[in-house]
Amino acid sequence: MLKNRIIPCLDVKNGRVVKGINFVDLKDAGDPVEQAKIYSDGGADEICFLDITASNENRDIIYDVVKKTSKKCFVPLTVGGGVRTIDDISKLLNCGADKVSINTAAVQNPNVVKTSSKKFGSQCIVVAIDAKKVGNKWEIFTHGGRNKTDINALDHAKQMEDYGAGELLVTSMDKDGTQTGFDIDLTSKISSIVNIPIIASGGVGNLQHLADGIKLGKASAVLAASIFHYGKFSIKEAKEYLSKQNIPIRA
Amino acid sequence: MNVTIVDYNSGNISSVINSFKEVAKDKVNIEVTSDINKIKSSDKVVLPGQGSFKSCVEALKNIYGLTDTLNEFAITNKKPLLGICVGLQMFADVGYEETETKGLGWISGKVSKIDNQNGKFKLPHIGWNQINIVKESKIFQNIENNSHMYFVHSYEFIPKDTSVISATTDYSSNIVCSVEKQNIFGTQFHPEKSDKIGLKIISNFIDL
């Protein structure tokens, strides 16, 4: 039986791990390679790096981080943040990323998803959707949540599936950093309209939130940062917790 | 000993290279190449594959003499070869991803889309799933039955002769996830991404 995945996410800026609260107010918290290794040794089903490096001159640092990590971690490694072009994707994959997550570029130029999934295979193309509730619908935001697009998140999700995305990483901008749980409504709606796996993200504050993302949000995988990062819970504790609720988990 | 990972522009093979190098340490030389002379002289060959069946077969054909060299290596000389993911799928006679495409024809059978029971099962089949070992395979030495492996695929290999099947996994139906036919081995899952247990499979192959 296919297991639900727990994915710790490391926000990386200038080659160092940070965690944003609502995408601002960053705290420095260590070396991404070491952190990733701790997670994979601890049973993480996958590791995610989100590169939030702002300046262009420091953008290449992430390649080195990915290269070092992929030599130490033998579980899937997903890298996102600032991925714009086929060339960016190709570089990350060559450095040892297994999947690349595309966000802003997938909105501005959806063809990049089509072309890249054809070229590299759907299995390595994850489309990240940052959505915020506006009135009674969800809207896509880009550039790390700064720019409004007026695009309906559900329509975008469907289009990305049609364009060949292998997975969707759905982040609720309203919930991210709040530690009050995933936006279950958003996650379950998207999961019900597409036939590709959904990774729920944004808002995890306790282990029940992870369980809710899978059971109620219909997510195949759950992504969290701070609950693991600051040692509140270990991956092992999370897995034990989910197992007790009869959620299929890789022991 | 030389183990060659065939680099034929089949998509991302960095993880395959990293994992084989990790297991080989200094004992075994890991070569990554599409050079047919190097492949001919190597002791073992790894055939990775990502993307579609069609694109992988085309990429193989684009390298002059490569298909013949692999045929000679695996079929005529019967040297050990491990196919991973689409690398395994290409053993088939035919694949139906994108369009009907002829495979290598090493293990008779076809590659078709996983029946997801009208959307009941999401595709691709991504994540960790357990393998059910149905026959002893050299690459499964010291691998416990029901071990978890990492999968990512939407198509499955259906061999005509079921005796080649060494393991299956349960996703909407029993999917063939490992085959062994004499010197030819294949895994639908990714041992290179399957943590320590996956590295053990790689080590078993290197130690053959």
Side-chain angles (χ1 to χ4, degrees), chain A residues 1-7 40-41 43-46 66-77 89-90 92-100 116-126 161 164-168 191-199 218-221 248-251, chain B residues 9-23 49-56 59 85-86 97-98 116 118-130 132 146-155 169-172 175 190-200 202:
Chain A
M1 178 186 224
L2 182 66
K3 303 301 191 286
N4 291 106
R5 286 166 283 156
I6 297 181
I7 309 174
S40 81
D41 286 347
D45 297 308
E46 197 168 320
V66 171
K67 220 178 251 175
K68 285 182 179 149
T69 307
S70 67
K71 287 196 172 113
K72 286 191 171 182
C73 293
F74 299 97
V75 298
L77 175 64
I89 298 169
S90 172
L92 284 169
L93 295 176
N94 283 331
C95 289
D98 299 291
K99 306 182 199 178
V100 171
S116 59
S117 60
K118 263 237 170 311
K119 187 172 164 70
F120 306 107
S122 288
Q123 84 289 336
C124 62
I125 304 299
V126 179
E161 177 186 31
E167 278 176 290
L168 299 177
S191 183
S192 69
I193 60 163
V194 297
N195 215 352
I196 51 179
I198 301 295
I199 306 164
K218 312 277 178 230
S220 302
I249 285 295
R250 175 179 69 119
Chain B
N9 304 314
S10 66
N12 180 22
I13 60 168
S14 314
S15 290
V16 175
I17 299 168
N18 284 336
S19 61
F20 272 81
K21 287 195 169 158
E22 169 76 12
V23 171
Q50 280 200 354
S52 74
F53 186 95
K54 177 172 169 275
S55 66
C56 284
C85 199
V86 184
E97 189 168 3
E98 290 182 63
N116 72 343
N118 286 322
K120 209 175 140 210
F121 290 83
K122 288 187 180 273
L123 289 179
H125 169 220
I126 298 184
W128 297 82
N129 207 334
Q130 283 165 297
N132 176 27
N146 297 320
S147 290
H148 285 95
M149 300 293 168
Y150 185 77
F151 287 83
V152 47
H153 64 125
S154 298
Y155 285 75
T169 193
D170 179 20
Y171 193 68
S172 87
I175 289 170
H190 290 268
E192 78 278 13
K193 286 282 110 185
S194 296
D195 217 342
K196 291 176 192 78
I197 196 95
L199 295 184
K200 178 66 189 154
I202 290 170

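In what follows, every chain begins at residue 1, and chains take the letters A, B, ... in the order their sequences are listed.
Here the side chains of A/Glu161 and A/Asn195 are in contact, with some heavy-atom distance below 4.5 Å. In this structure, the side chains of A/Ile125 and A/Ile89 come closer than 4.5 Å at one or more pairs of heavy atoms.
Contacts of B/Phe151 with chain A are absent, with no heavy-atom separation under 4.5 Å from either backbone or side chain. The parts of B/Gln130 that come within reach of chain A are both its backbone and its side chain, each placing non-hydrogen atoms under 4.5 angstrom from that chain. With a threshold of 4.5 angstrom between heavy atoms, A/Lys119 does not approach chain B through any atom at all. Heavy atoms closer than 4.5 Å to chain A are found in the side chain of B/Leu199, but not in its backbone. Using a 4.5 Å cut-off between heavy atoms, A/Arg5 contacts chain B through its side chain alone, with no backbone atom that close. For A/Ala251, the part sitting under 4.5 Å from any heavy atom of chain B is the backbone (N, CA, C, O) and nothing else. Contacts of A/Ser220 with chain B are made by side-chain atoms alone, with heavy-atom separations under 4.5 Å and no backbone atom involved. When heavy atoms are compared at a cutoff of 4.5 Å, B/Lys21 does not approach chain A at all. Looking at B/Ser19, both its backbone and its side chain come within 4.5 Å of chain A, counting heavy atoms on both sides. For a residue to count as touching a neighbouring chain, one of its non-hydrogen atoms must lie under 4.5 Å from one of that chain's; by this rule B/Asn116 touches chain A with the side chain only.
Here CD1 of B/Ile13 is found 10.5 Å from CG of B/Asn18. Values are rounded to the nearest 0.5 Å. Interatomic distance, B/Ser52 OG to B/Tyr155 OH, rounded to the nearest 0.5 Å: 8.5 Å.
Counting heavy-atom pairs under 4.5 Å between each of A/Leu77, A/Asn94, A/Ile249 and chain B puts A/Asn94 at the top. Ranking B/Glu22, B/His153, B/His190 against chain A, the residue ahead of the rest is B/Glu22, based on heavy-atom pairs under 4.5 Å. Per-residue heavy-atom pair counts under 4.5 Å with chain B were compared for A/Cys73, A/Pro76, A/Gly96, A/Ser40, and the maximum is reached by A/Pro76.
The pair A/Lys3-A/Asp45 fails the salt-bridge criterion, with no side-chain N (NZ, NE, NH1 or NH2) lying under 4.0 Å from an Asp/Glu carboxylate O.
The side-chain hydrogen bond (donor to acceptor under 3.5 Å, both in side chains) search around A/Ser191 returns B/Lys122, not counting sequence neighbours. Evaluation of the side-chain contact (heavy atoms from CB on, under 4.5 Å) rule for A/Leu2 yields B/His125, B/Asn129, B/Tyr171 as partners, not counting sequence neighbours.
Put simply, the side chain of B/Lys193 never gets that close to the backbone of A/Phe74: no donor and acceptor are under 3.5 Å apart. Of the possible polar contacts, none joining the B/Gln50 side chain to the A/Gln123 backbone as a donor-acceptor pair under 3.5 Å is found.
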